[in-house]
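Please read the structure below before turning to the comments.
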Amino acid sequence: MISGTLAKRYARALIELAPSQMQRDRYLKDLESLSTAMQTPVEGSSLGKMLDAGHLSIDKRKGIAGAVCRKLGVDATVTKFVALLVKRNRAGGMVLIARHYRDLADEAAGRVRATVKSATPLSPDAVNRLSASLKQATGKQVILESQVDPSLIGGLVTSIGSYTLDRSVRASLTRLRTNLHNHS
């Protein structure tokens, strides 16, 4: 496994190779596909760990990585990038590299990712209104992921970046309980 700092360096290096936003988004799609593949179980381990395994020759590991890239239809630049990771025994860090790359690509495109949790599924209209509100608040295009968490009882928990706004019934009850304990 690789450190977060090293994963950021690899992500930054790859994003600098992308000449346009369209290319950055293509690389992102490829990295996300590869991340999923790297977590695929293979002989009691994962593909990422197997590609970092010292008992296989570098050429054998590069061949496996190349075959995976061809099967997924990965861009030639990303395929070379994966070969470099394999050569340096860092293919197991693909998930972390992809996460950092996504953050860099989003920043370059003026996008921000947000998550909204609710006790029941939100209607498409509610998701669109929330997305528009977040876009107005941030000044960026919002990629909103909606999740259902029945433990919230009601209300919403919205996370964007490191900021979380918890307006759930569960949080309100917790605040009420804390206030009652402090005043008794």
Side-chain angles (χ1 to χ4, degrees), residues 4 7-8 10-12 14-42 46-48 68-79 81-82 92-179:
K8 283 181 189 176
Y10 276 105
R12 209 172 289 120
L14 182 59
I15 207 156
E16 288 174 6
L17 295 175
S20 68
Q21 185 59 47
M22 190 169 80
Q23 198 66 37
R24 284 190 291 270
D25 288 344
R26 167 69 199 269
Y27 291 179
L28 176 59
K29 179 183 156 289
D30 289 346
L31 288 176
E32 287 173 341
S33 296
L34 285 165
S35 286
T36 301
M38 292 297 175
Q39 296 174 67
T40 302
V42 176
S46 69
L47 179 59
V68 170
C69 288
R70 280 189 301 281
K71 181 157 178 70
L72 294 174
V74 170
D75 181 89
T77 301
V78 177
T79 300
F81 178 75
V82 171
M94 179 61 71
V95 173
L96 193 54
I97 292 168
R99 189 175 312 132
H100 288 297
Y101 183 92
R102 183 192 73 196
D103 293 344
L104 292 170
D106 285 348
E107 183 180 323
R111 294 184 299 239
V112 66
R113 294 182 187 264
T115 305
V116 62
K117 293 180 185 177
S118 58
T120 59
L122 296 175
S123 70
D125 185 50
V127 171
N128 289 338
R129 285 194 321 267
L130 182 58
S131 185
S133 295
L134 292 172
K135 181 178 181 177
Q136 185 178 14
T138 63
K140 296 182 178 187
Q141 175 190 356
V142 176
I143 299 170
L144 186 61
E145 178 188 348
S146 181
Q147 299 174 353
V148 175
D149 182 354
S151 72
L152 296 178
I153 304 169
L156 300 173
V157 177
T158 306
S159 300
I160 188 163
S162 62
Y163 183 74
T164 300
L165 178 63
D166 190 343
R167 294 293 184 241
S168 65
V169 172
R170 181 182 65 193
S172 296
L173 291 172
T174 301
R175 283 190 298 273
L176 179 62
R177 186 178 309 119
T178 302
N179 286 337

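- Minimum interatomic distance between G155 and V169 (heavy atoms only, all atoms of both residues): N-CG2, 4.4 Å.
- Of all the heavy atoms in S118 and L156, the pair that sits closest is CB-CD2, 3.6 Å.
- Heavy atoms only, all atoms of each residue included: A105 and I15 are closest at N-CD1, 3.4 Å.
- Within the structure, every pair that satisfies the salt bridge (Lys or Arg N to Asp or Glu O under 4.0 Å) test and touches residues 14-25, not counting sequence neighbours, is listed here: D25-R111.
- Considering only residues two or more places apart in sequence or on other chains, T120 meets the side-chain contact (heavy atoms from CB on, under 4.5 Å) condition with none of them.
- Contact annotation: the side chain of V74 never approaches that of V82 to less than 4.5 Å [non-hydrogen atoms, C-beta and beyond].
- Partners of S35 by side-chain contact (heavy atoms from CB on, under 4.5 Å), not counting sequence neighbours, listed by chain and number: Q39, M94, V95, A98.
- No side-chain heavy atom of T158 sits less than 4.5 Å from a side-chain heavy atom of T115.
- In summary, of the residues considered (T138, L134, L144, I143), a side-chain contact (heavy atoms from CB on, under 4.5 Å) with V112 occurs for T138 alone.
- For D166, there are no salt bridge (charged side-chain N to carboxylate O under 4.0 Å, His left out) partners two or more places apart in sequence or in a different chain.
- Among residues two or more places apart in sequence or in another chain, the side chain to side chain donor-acceptor pair (under 3.5 Å) test is passed with R12 by none.
- Within the 4.5 Å cutoff, no side-chain heavy atoms of L165 are placed close to those of V157.
- For R26, the salt bridge (charged side-chain N to carboxylate O under 4.0 Å, His left out) partners are D30, not counting sequence neighbours.
- Under the side-chain contact (heavy atoms from CB on, under 4.5 Å) criterion, R70 pairs with A67, sequence neighbours left out.
- Between P19 and L17, the shortest heavy-atom contact is CD-O, 3.3 Å.
- A donor-acceptor contact closer than 3.5 angstrom links the side chains of Q147 and E145.
- Qualifying side chain to side chain donor-acceptor pair (under 3.5 Å) partners for T164, counting only residues two or more places apart in sequence or in other chains: S159.
- Going from atom CG of L96 over to atom CE of M38 covers 13.5 Å, rounded to the nearest 0.5 Å.
- The heavy-atom pair separating L173 from I153 by the smallest distance is CD1-CD1, 4.0 Å.
- Taking the side chain to side chain donor-acceptor pair (under 3.5 Å) definition, one finds that S151 meets it with D149, R170, sequence neighbours left out.
- In this structure the side chain of T77 reaches within 4.5 angstrom of the side chain of L14, judged on heavy atoms.
- Minimum interatomic distance between A11 and I97 (heavy atoms only, all atoms of both residues): CB-O, 3.7 Å.
- Checked against side chain to side chain donor-acceptor pair (under 3.5 Å), R113 has the following partners two or more places apart in sequence or in another chain: D106.
- How far CG of L34 is from CG of L47: 9.0 Å, rounded to the nearest 0.5 Å.
- Looking at heavy atoms from C-beta onward, Y27 lies out of side-chain contact with F81 at the 4.5 angstrom threshold.
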Do any side-chain atoms of residues 124-133 form donor-acceptor pairs under 3.5 angstrom with protein atoms, and if so which ones, sequence neighbours left out?
from: D125; atom 1: OD2; to: R129; atom 2: NH1; distance (Å): 2.5
from: N128; atom 1: ND2; to: P124; atom 2: O; distance (Å): 3.3
from: S133; atom 1: OG; to: R129; atom 2: O; distance (Å): 3.1

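- A side chain to side chain donor-acceptor pair (under 3.5 Å) check over residues 93-102, counting only residues at least two apart or in different chains, returns nothing.
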